[in-house]
**Q** 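Input: one structure, supplied below.
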Amino acid sequence: MDETFRQQVFEIIRLIPLGRVTSYGAVARAVGYPNHARHVGNALRHYDEDFPAHRVCNSSGQITAGCLAEFSDKLAAEGIEVVGNRIKDFRKVFWNPIEEL
DNA sequence: AGCATGACGCGGG
DNA sequence: TCCCGCGCCATGC
């Protein structure tokens with residue numbers, strides 16, 4: 001994917017409010033690429049210290065295996081509980097980028 | 001050009 | 001809800 005795609009993905013994710021989360025697919029739709037959820041994930045393979053990548057999970061509220069430990073800690077620090085690899089009350093804390101445009 | 005892969009999504013059963 | 005299959009699409013070999 002091109003650089004602008006990544007820029008927009010990062011931009012949207014920075015907008016996620018503290019204590020809320022969203023999904024790869026939702027971000028993809030928000031930047032105008034409805035069928036590129038996988039690429040959103042790819043764009044997130046590297047990010048800065050302060051970047052809230054932990055606020056992004058799949059459409060069913062599950063955290064990807066490799067980042068489980070790190071993400072659940074950060075999420076817990078923001079008041080979001082993680083049970084197993086799943087975000088508790090996902091529907092409640094879900095933030096939809098589209099509705100915020 | 002063909003095939004596998006991946007921080008994914010969705011509809012069915 | 002869980003599990004599965006299929007769709008999706010850039011990338012790399």
Side-chain angles (χ1 to χ4, degrees):
Chain A
M1 292 302 293
D2 53 54
E3 194 56 33
T4 54
F5 173 77
R6 257 166 305 213
Q7 296 307 312
Q8 297 183 88
V9 164
F10 277 62
E11 182 184 337
I12 293 296
I13 295 174
R14 284 182 190 290
L15 297 179
I16 304 173
L18 186 66
R20 307 295 296 283
V21 299
T22 193
S23 68
Y24 300 100
V27 173
R29 288 190 292 276
V31 300
Y33 288 78
N35 303 91
H36 296 235
R38 306 188 95 114
H39 303 286
V40 171
N42 264 277
L44 288 179
R45 302 211 303 133
H46 296 298
Y47 47 86
D48 304 307
E49 271 297 327
D50 53 73
F51 189 76
H54 55 286
R55 295 179 188 155
V56 187
C57 59
N58 70 20
S59 65
S60 52
Q62 298 169 152
I63 299 171
T64 185
C67 307
L68 187 52
E70 176 191 343
F71 284 12
S72 48
D73 283 347
K74 292 184 175 178
L75 287 171
E78 298 182 358
I80 295 177
E81 290 184 62
V82 177
V83 182
N85 69 325
R86 189 179 301 277
I87 290 175
K88 185 179 180 185
D89 298 322
F90 177 60
R91 318 302 274 285
K92 313 280 188 235
V93 298
F94 182 78
W95 180 79
N96 190 327
I98 301 295
E99 299 176 352
E100 313 296 325
L101 305 178

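Predicted model, so just to flag it, every value in this text is computed and none were measured. So that the names make sense, note that chain A is the first sequence line, chain B the second, and so on, each numbered from 1. Hydrogens, waters and symmetry mates are skipped; everything else that's a heavy atom, side chains included, is used.
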**Q** Parallel, tilted or perpendicular: which one describes the rings of F5(A) and Y33(A), with boundaries at 30° and 60°?
**A** perpendicular
**Q** Answer with base, sugar-phosphate or nothing: what part of the nucleic acid does F5(A) contact at a heavy-atom distance below 4.0 Å?
**A** nothing
**Q** Without decimals, in angstroms, what is the distance between R6(A) CZ and dA7(B) C1'?
**A** 15 Å
**Q** Using only side-chain N and O atoms of T64(A), determine if any of them is under 4.0 Å from OP1 or OP2 of dA7(B).
**A** no
**Q** Round to a whole Å and report the spacing from CG of N85(A) to C1' of dC2(C).
**A** 13 Å
**Q** Please give, in whole Å, the distance from dC8(B) P to R45(A) CZ?
**A** 12 Å
**Q** Please classify the nucleic acid contact of H39(A) as base, sugar-phosphate, or nothing, using heavy-atom distances under 4.0 Å.
**A** base
**Q** Between E3(A) and R6(A), does the salt bridge (charged side-chain N to carboxylate O under 4.0 Å, His left out) criterion hold? Intermediate values first, please.
**A** CA-CA 5 Å; E3(A) 194 56 33; R6(A) 257 166 305 213; 3.4 Å; yes
**Q** Can you tell me how far C1' of dA7(B) sits from CD1 of I13(A), to the nearest Å?
**A** 10 Å
**Q** Rounding to an integer number of Å, can you tell me how far F90(A) CZ sits from dT1(C) P?
**A** 12 Å
**Q** Using the C1' atom as the reference point in each nucleotide, state the distance between dA7(B) and dC13(C) in Å, no decimals.
**A** 22 Å
**Q** What's the separation between atom CG in D2(A) and atom NE2 in H39(A), rounded to the nearest 0.5 Å?
**A** 11.0 Å
**Q** Over 60° means perpendicular and under 30° means parallel, so tell me whether F90(A) and F94(A) are parallel, tilted or perpendicular.
**A** perpendicular
**Q** Starting at atom CZ of R29(A), determine the distance to atom C1' of dC10(B), rounded to an integer number of angstrom.
**A** 11 Å
**Q** Using 30° and 60° as the class limits, which term best fits the ring planes of F71(A) and Y47(A): parallel, tilted or perpendicular?
**A** tilted
**Q** Between dC8(C), dA7(B), dA10(C), which nucleotide has the shortest distance from any of its atoms to the side chain of A53(A)?
**A** dA7(B)
**Q** From CZ of R38(A) over to P of dA7(B), roughly how many Å is that when rounded to an integer?
**A** 8 Å
**Q** Indicate, with a heavy-atom threshold strictly under 4.0 Å, whether Y33(A) touches base, sugar-phosphate, or nothing.
**A** nothing
**Q** Could you please name the option among dC2(C), dG9(B), dA7(B) that lies closest to any side-chain atom of S59(A)?
**A** dG9(B)
**Q** Could you tell me how far apart L44(A) (CG) and dC8(B) (C1') are, to the nearest whole angstrom?
**A** 12 Å
